[in-house]
Amino acid sequence: MKHAEFDAVVIGGGASGLSAAAEMSRGGASVAVVEREETPGGILNQCIHNGFGLHQYKEELTGPEYAERCIRDLDGLSVKVYTGMTVTLMEKEEEAHLLYGFSRESGMVRFRCRAIVLAMGCRERNRGNLGTPGTRPSGIFTAGLAQRLVNIDGMVPGRECVIVGSGDIGLIMARRMTWIGARVRGVIEIQPYPAGITRNIVQCLRDFDIPLYLSHSVTRIYGKDRISGVDVAPVRNSGGEASEAFHIPCDTLLLSVGLVPENEISRKAGVRLHPETGGPVVDARYMTSVTGIFACGNVLHVHDLVDYASEEARHCGQAVLDFLSGVSAGEQLRVGAGRNVKYVVPGRFALTGKNRFYLRSMITGTGARLFVRLGGIEVLSRKLPYVQPSEMISFDLAADVDAISSRFTSGGDETDLEVSLEIPEKEGA
């Protein structure tokens, strides 16, 4: 077994992992990145469409171009990147952490480090997660797998396509399948609103006259060797209305039904997971419930834009530098999701410096207002022109807000900050 020692090891070489590694290395830490694919960049390498980098690099890039920028950001830095390597185990050893990774090129390597950054990204939910009745024919793919087949392997998954779920990757694949000559018969969404961002609804569906069936579900799959069609029905009372079902012939079914943070190895290491995000519970400096293990990017919570994943990773990288330098985290308040908010990340508020939070709305509408309250006292209010569950919301909250510091010092007990969203009722409604 080979041995390697670093200040920090990042598991995952996608945008968030590379951004965190670059931030830590610029701060003087020795860093290793362990990536299971043969090249770094993560899922970006198969996302050949543009729309990336507008926030991070101030220009519109394709996925591979964004990945290349992240890789180039490591130039001149002391970051060792291990590719084609899978981490199988994490252990604690007094004040250090041990990771075991193996690859064909390096064999088994034991890493010893003071800090670990989890940046493994997420995986797609599949048909087994849906439990759709019917046969088990070929021609059923997750949207991400179909994207890889088309963009990386040069293969055509099918010619007559139905897409289940209006997540961003499903919308993008609706356009991509159309470009390669397939006919997309429709996108089926069980919710009454789209799951993808508005830009993709317009550019990937409306521009190509692809039908979007909201509040509908696939109730049955047909076919023996190859899928031959699906039944679709409107959703009422938590189920498909059989009397109004209709049949769509197809030879391909793509599933874009949500992403799940990849946290199997986190769970084995004793990291506590959030019931809503599926990612680790983290404090104000992105540290998990295990001292010295941090998390950022899609393994923490699923982002809508890679730019935000990179931004979050930089904050995480700076927090790791503080941890390595022995800087105390200081006092922190708990942050909770209030009315119409699914979750807030991170789950703690530091009483020093500026805090940046990310959240998901549970409502759709215009003229919404974001509220942050401490013990019923409003410490932040912001108007949002439009909110929907598919688009992440972020906001900053400075630690020098008088209402927060005075409330904390006078109470003596840990006090929650509650984040909520409200849409005022219109007059006369």
Geometric cation-pi criterion, R373 with F371: 6.0 Å, 45°: yes
Side-chain donor/acceptor of H274 to backbone N/O of V345, under 3.5 Å: no
Pair R348-N355, side-chain donor/acceptor within less than 3.5 Å: no
CA sep, side-chain torsions, deciding dist, call: R334, E418, salt bridge (Lys or Arg N to Asp or Glu O under 4.0 Å): CA-CA 9 Å; R334 294 175 298 185; E418 183 182 82; over 6 Å; no
Over-ring placement of R69 relative to Y57, 6.0 Å and 45° cut-offs: yes
Check: R226/T252 side-chain N/O donor and acceptor closer than 3.5 Å: yes
R356 versus S394, side-chain donor and acceptor atoms under 3.5 Å: yes
Pairwise distance SG(C70) to CZ(F52) - rounded to 0.5 angstrom: 11.0 Å
Carboxylate-amine/guanidinium proximity below 4.0 Å for E91 and R112: no
Q388 and S390 side chains, donor-acceptor separation under 3.5 Å: yes
Side-chain donor-acceptor pair present, H315, E23, cut-off under 3.5 Å: no
Residues E244 and R236 bridged, charged N to O under 4.0 Å: yes
Pair R369-S381, side-chain donor/acceptor within less than 3.5 Å: yes
Whether F208 and W179 hold their rings parallel, tilted or perpendicular, with breakpoints at 30° and 60°: perpendicular
Aromatic plane relationship, H301 with Y343 - under 30° parallel, 30 to 60° tilted, over 60° perpendicular: perpendicular
Side-chain ion pair, R199 and E391, N-O less than 4.0 Å: no
Test of ring centre spacing under 6.0 Å for Y82 and F111: yes
Aromatic ring proximity, centroids under 6.0 angstrom, Y222 and H247: yes
Parallel, tilted or perpendicular, as decided by the 30° and 60° cut-offs, for the rings of F294 and F323: perpendicular
Ring geometry between Y213 and F246 (parallel below 30°, tilted from 30 to 60°, perpendicular above 60°): tilted
Distance-only side-chain donor-acceptor flag, Y286 / Q318, under 3.5 Å: no
Salt bridge present between E5 and R110 (N-O < 4.0 angstrom): no
Polar contact flag, side-chain donor to acceptor under 3.5 angstrom, S310-Y66: yes
Sidechain N-carboxylate O distance under 4.0 Å for R159, D251: no
Distance-only side-chain donor-acceptor flag, S30 / D7, under 3.5 Å: yes
